[in-house]
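Let me begin by presenting the structure, written as structure tokens, before commenting on it.
Letters go in sequence order (proteins before strands), and every chain restarts at 1.
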2 protein chains.
Amino acid sequence: MRPTVHDIAAEAGVSLATVDRVLNNRPGVRSVTRDKVERAIATLGYVRDVAAANLAKGRSYPLIFILPEGENAFMRGLEAEVEAARARSAVERTDISILSVPAFDATALADALDEACSREPAGVAVVAVEAPEVVAAVGRLREDGIAVVTLVSDLTGSERDHFAGVDNIAAGRTAGSLMRRFLGGRDGPVAIVAGSMLVRDHRDRLEGFSAAVSEGADTRHLLPVVEGHDDPTEVETLVQDLLAAHADLAGIYSLGAGNRGLIAALEKAGRQSEICAIAHELTPYSRAALISGTIDALLNQDAGHEVRSAIRVLKARADGLSMIEAQERIRIDIFLKDNLPVEPA
Amino acid sequence: MRPTVHDIAAEAGVSLATVDRVLNNRPGVRSVTRDKVERAIATLGYVRDVAAANLAKGRSYPLIFILPEGENAFMRGLEAEVEAARARSAVERTDISILSVPAFDATALADALDEACSREPAGVAVVAVEAPEVVAAVGRLREDGIAVVTLVSDLTGSERDHFAGVDNIAAGRTAGSLMRRFLGGRDGPVAIVAGSMLVRDHRDRLEGFSAAVSEGADTRHLLPVVEGHDDPTEVETLVQDLLAAHADLAGIYSLGAGNRGLIAALEKAGRQSEICAIAHELTPYSRAALISGTIDALLNQDAGHEVRSAIRVLKARADGLSMIEAQERIRIDIFLKDNLPVEPA
DNA sequence: GAATTTTTGATGTACGTAAATCAAAAATGC
DNA sequence: GCATTTTTGATTTACGTACATCAAAAATTC
């Protein structure tokens with residue numbers, strides 16, 4: 001049987017009240033006594049029964065998710081997952097609210113973070129935009145003892161507790177490696193369409209892709225990166241221009257969102273089978289394009305996993321507990337048309 | 001605030017004791033009264049607070065894992081994950097024990113299942129071998145109200161509650177598709193090394209692979225399947241023979257374990273770079289081979305995820321609760337040397 | 001309609017922790 | 001060494017549920 005507070009009190013030779021004072025670091029305990037209790041905790045291997053504690057406290061975990069607005073299908077899927085988690089609030093003792101901010105707007109994001117801070121939640125999950133004011137706002141949250149997890153896109157140099165997202169350099173490398181192998185000996189340049197170089201995840205993917213697409217004897221000419229701001233219409237125009245300018249285009253790597261535009265441009269030009277297209281995120285559109293063959297491979301991060309992981313980590317941090325590292329590593333899914341999950345995801 | 005048993009009692013106009021009788025279906029309640037209570041539960045949307053209930057009951061979940069013996073690296077990794085889960089027993093209220101049985105031995109497995117049954121656990125997770133006596137033994141467990149989850153390899157026709165493993169047909173298809181694309185226009189036959197056609201997962205992978213490796217203009221000669229029983233030594237001999245017999249061998253698909261043998265044979269023959277090798281399961285050996293280039297792609301199922309998922313499902317089933325479907329879908333990881341996770345897994 | 005059985009109510013204790021109160025003891029200042 | 005402050009102990013209530021007991025009420029049987 002695992003030890004209880006009573007056992008600690010007995011072991012340390014103090015009263016229950018003192019144990020409680022130490023455990024919840026309330027004032028009024030001499031450091032000698034505190035040490036005695038802490039030693040008893042260590043020798044007995046006591047771990048607080050979080051369920052019982054939450055029951056006694058009537059605790060719930062107020063959490064805030066800050067997500068970008070816009071018709072980015074992946075982000076809307078992410079929001080749907082947050083909503084799904086909200087539906088489980090009763091069981092999971094969470095109280096989740098969502099703040100929407102304009103995409104790629106550092107100032108708005110920093111303001112939202114401050115707004116979140118003023119609501120005094122237990123934790124905040126945020127899709128980061130890399131900018132000094134955002135880093136600063138995250139720092140203020142942490143100073144107030146609020147747990148912060150970056151979601152999907154990380155924030156270098158910040159005090160965030162954890163990043164719930166994939167290793168985007170590895171994702172880019174994987175895309176590059178697949179592109180290289182799928183193209184085999186074929187000639188022709190490869191185009192890269194990004195969303196914005198302002199977000200960390202896109203920059204990382206680009207870095208990884210560029211490094212991996214050429215290796216050994218395989219060298220490949222990469223066209224300059226174009227930015228479509230995750231907007232389908234903008235992406236379609238950009239890809240149309242690329243197709244027109246390069247009759248020998250061998251491949252396209254779309255490392256952001258707005259894949260509807262990519263798919264439309266390729267299919268309208270009738271070059272979907274000759275060009276190897278690799279993109280990110282499984283959405284209804286990209287799924288259909290993968291099945292039809294317009295897209296050759298799709299890298300995906302499971303939004304549901306990211307949201308659930310963020311919640312687990314935020315709760316654990318709020319309780320000062322550790323997490324299962326391996327469980328919180330978000331993996332890069334590679335989808336070919338052969339291993340698509342059954343239900344539309 | 002979520003409703004409690006008191007709220008139900010008030011709403012239904014009965015006493016707390018009666019609500020308790022209904023909730024834990026104890027005898028001595030007229031069906032009219034039972035209906036009243038159930039309607040109150042429905043209208044208030046009451047969900048039992050599992051944490052509080054477990055606290056009151058002092059409940060723990062005795063679980064039994066039945067795993068195959070032998071030096072199969074994946075299975076040893078799986079066992080390590082079960083041990084890791086055991087270390088978390090206190091927090092998770094589980095009481096996990098492990099039964100080891102000889103691999104591919106249906107009789108021994110059925111005996112182990114009966115042994116597990118006699119210990120009256122809350123749930124059993126089992127790496128299945130497909131055989132009628134195993135199906136029957138699982139049926140007996142279910143009849144006794146014990147939850148059963150198949151792990152890694154499923155059991156067709158059985159009453160198991162859930163399968164914690166990957167879609168092995170899709171895994172095979174994926175391997176076939178990668179093989180086809182990686183080989184490109186290259187000629188030469190492809191060999192297939194299996195563990196045993198007795199286990200469902202191997203049969204499924206073979207089926208998927210055969211279907212996907214040839215598509216459209218790409219037709220590929222497949223050599224007859226050989227069985228290495230997941231034993232490195234046996235596999236090495238088999239692959240040596242294959243290499244000797246087929247000078248023009250283009251690819252090898254190893255759909256079972258024993259990859260050390262495959263790697264050794266390829267490297268001793270010095271044909272690791274000319275032959276496209278695709279295998280399953282990330283182990284220290286296969287990881288090294290992927291980095292060195294001996295293996296070109298590795299399909300993996302995350303043993304840690306499978307174990308944690310099995311535990312979640314068994315606990316939920318024991319409580320008569322539902323699970324988050326998407327969370328319990330085990331995905332097929334595709335590893336190239338570019339997206340290997342950092343720590344040795 | 002009396003005797004019996006079945007159903008329901010009322011109440012208390014327990015689980016492990018949190019949090020509060022008030023009294024007692026110990027340490028501190030001067 | 002006395003007054004004061006700080007530290008500690010003892011005790012109680014609460015969280016939401018489970019489970020047991022005993023009495024009271026209602027339904028059933030003959």
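- Distances were taken from every side-chain heavy atom of B:Arg26 (C-beta onward) to each of D:dG9, D:dC19, D:dG16; the shortest belongs to D:dC19.
- With rounding to whole Å, B:Asp7 atom CG is found 13 Å from D:dC15 atom C1'.
- When each of B:Leu16 and B:Lys57 is assigned the nucleotide of DNA chain C bearing its nearest heavy atom, the one mapping closer to the 5' terminus is B:Leu16.
- Considering CG of B:Leu99 and CD of B:Glu69, their distance stands at 10.5 Å, rounded to 0.5 Å.
- Of the candidates B:Ile64, B:Leu141, B:Ile66, B:Val152, B:Val126 forms a side chain to side chain contact (heavy atoms under 4.5 Å, CB included) with just one, namely B:Ile66.
- In this structure, B:Asn24 atom CG and D:dA18 atom C1' are separated by 6 Å, rounded to whole Å.
- At least one side-chain nitrogen or oxygen of B:Ser15 sits closer than 4.0 Å to the OP1 or OP2 atom of C:dG9.
- Closest approach to the B:Val5 side chain among D:dG9, C:dG9, D:dT17 is made by D:dT17 (side chain taken as heavy atoms from C-beta onward).
- Among the protein residues, A:Asp20 comes within range of the nucleic acid bases, having at least one heavy atom under 4.0 Å from a base atom.
- For B:Asn54 and D:dT17, the CG to P distance is 12 Å, given to the nearest whole Å.
- Rounded to a whole Å, the CG atom of A:Asp49 is 18 Å from the P atom of D:dC15.
- C:dT7 atom C1' lies 15 Å from atom CG of B:Asp35, rounded to whole Å.
- If you check C:dA27, D:dG16, C:dT17 against the side chain of A:Arg30, the one that comes closest is C:dA27.
- A:Ala53 comes within 4.0 angstrom of sugar-phosphate atoms only, judged by non-hydrogen atoms across all strands, and of no base.
- The only option from A:Ile41, A:Leu23, A:Leu321 that meets the side chain to side chain contact (heavy atoms under 4.5 Å, CB included) definition with A:Arg48 turns out to be A:Leu23.
- Side-chain atoms of B:Ala17 lie closest to C:dG9 of the nucleotides C:dT17, C:dG9, D:dT17.
- Which of D:dA10, C:dG9, C:dA18 sits closest to the side chain of A:Arg48 comes down to C:dA18.
- Salt bridge annotation for A:Arg119-A:Glu115: present, with a cationic side-chain nitrogen under 4.0 angstrom from a carboxylate oxygen.
- Protein atom CZ of B:Arg59 is 16 Å distant from nucleotide atom P of C:dG16, rounded to whole Å.
- Residue B:Thr18 has its side chain nearest to C:dG9 when only D:dA18, C:dG9, D:dG9 are considered.
- Under 4.0 Å is where a charged nitrogen must lie from a carboxylate oxygen, and between B:Arg86 and B:Glu83 at least one such pair does.
- At a threshold of 4.0 angstrom between heavy atoms, the contacts of B:Gly28 include nucleobase atoms, whether or not backbone atoms are also involved.
- One can place CZ of A:Arg2 at 12 Å from C1' of C:dC15, the figure rounded to the nearest angstrom.
- Rounded to a whole Å, the CZ atom of B:Arg21 is 12 Å from the P atom of D:dA20.
- Between B:Gly13 and A:His6, the residue anchored nearer the 5' end of DNA chain C, judged by the nucleotide with its closest heavy atom, is B:Gly13.
- By the neighbour-count criterion of 12 heavy atoms within 6.0 Å, atom CD of B:Glu159 is sparsely surrounded, having that number or fewer from other residues, nucleotides or ligands.
- Here the nucleotide nearest the side chain of B:Val14, chosen from C:dG9, C:dT17, D:dT17, is C:dG9.
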